[in-house]
Amino acid sequence: MGRRLPIDDEHAPLYTVGQVAAMLELQQAFLRRLDEHQVVRPRRTPGGQRRYSRHEITRVRYVVELVEEGMTLAAIRRVLQLERKVRELEEQRERDRQRIRELETALAADPARRDPAGRPGGG
């Protein structure tokens, strides 16, 4: 019973171009253009058909909002790249902060690493 089903995975490629177009009230040609311009890249079946995940559908909805604000697909692709880079940098910053906390804890627990005034870093 604990087995995870594809429907539970937001990244599972379950939906066809036609289904996504109907859900979002878009033209299928628009979805194909998003793929061609590398804005939203759905996975392909062995036969070459596009399949969208829930995650990609959410991304398409976001792209539609940006298009409605007047952005070009090239600009949107760049925005998405920069947003991804920001997320990566934020994740790296958090890993670095965690590592600093671990090192500070280790330093505080090791009296031999304190200078004579009791500050970390001596020795």
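Side-chain atoms are counted along with the backbone in the values below, which use heavy atoms only and exclude waters and symmetry mates.
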- [ ] Please report the C-alpha distance between Gln92 and Arg95 in whole Å, then the side-chain angles of each, then the deciding distance to 0.1 Å, and finally whether the side chain to side chain donor-acceptor pair (under 3.5 Å) criterion is met.
- [x] CA-CA 5 Å; Gln92 181 62 49; Arg95 286 190 300 272; 2.6 Å; yes
TODO: Give the C-alpha distance, both sets of side-chain angles, the deciding distance and a yes or no for side chain to side chain contact (heavy atoms under 4.5 Å, CB included) between Glu69 and Leu66.
DONE: CA-CA 5 Å; Glu69 291 178 16; Leu66 296 177; 4.2 Å; yes
TODO: May I have the step-by-step check of side chain to side chain donor-acceptor pair (under 3.5 Å) for Arg101 and Gln98, ending in yes or no?
DONE: CA-CA 5 Å; Arg101 285 190 295 272; Gln98 179 62 33; 2.8 Å; yes
Task: Step-by-step side chain to side chain contact (heavy atoms under 4.5 Å, CB included) determination, Leu14 to Tyr52 - done: CA-CA 6 Å; Leu14 301 174; Tyr52 292 81; over 6 Å; no
Task: Tyr62 vs Val67, side chain to side chain contact (heavy atoms under 4.5 Å, CB included): CA-CA, chis, key distance, verdict - done: CA-CA 9 Å; Tyr62 178 54; Val67 166; over 6 Å; no
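Here the straight-line distance linking atom OH of Tyr15 with atom CG of Leu24 works out to 11.0 Å at 0.5 Å rounding. Separation of atoms CD (Glu91) and CG (Asp96) is listed at 12.0 Å; rounding is to 0.5 Å. Distance CD/Glu83 to CD1/Ile76: 10.5 Å, rounded to 0.5 Å. If you take CG on Leu73 and CZ on Arg78, they are separated by 15.5 Å, rounding to the nearest 0.5 Å. Arg97 CZ to Glu94 CD: the interatomic distance, rounded to the nearest 0.5 Å, is 6.5 Å. To the nearest 0.5 angstrom, Glu36 atom CD is 11.0 Å from Leu31 atom CG.
Under a 4.0 Å N-O distance rule, the pair Glu102/Arg99 qualifies as a salt bridge. The residues Arg43 and Asp35 are annotated as not salt-bridged, no charged nitrogen and carboxylate oxygen being separated by less than 4.0 angstrom. A salt bridge is defined here as a Lys NZ or Arg NE, NH1 or NH2 lying under 4.0 Å from an Asp or Glu carboxylate O, and Arg61 with Glu25 fails to meet this definition.
Contact annotation: the side chain of Val20 never approaches that of Leu26 to less than 4.5 Å [non-hydrogen atoms, C-beta and beyond]. Inter-residue side-chain proximity for Arg77 and His37 is flagged as met; some heavy-atom pair is nearer than 4.5 Å. Under the 4.5 Å side-chain criterion, counting only non-hydrogen atoms from C-beta, Leu89 is not in contact with Arg93. Put simply, the side chain of Val60 reaches to within 4.5 Å of the side chain of Leu34, judged on heavy atoms. Counting heavy atoms from C-beta on, the side chains of Glu56 and Pro42 come closer than 4.5 Å. Side-chain contact between Thr16 and Arg50 is absent, with no heavy atoms from C-beta onward closer than 4.5 Å.
Considering all non-hydrogen atoms of both residues, Val39 and Leu80 come closest at O-CD1, 3.6 Å.
Other residues, nucleotides and ligands contribute only 12 or fewer heavy atoms inside 6.0 Å of the CD atom of Gln27.
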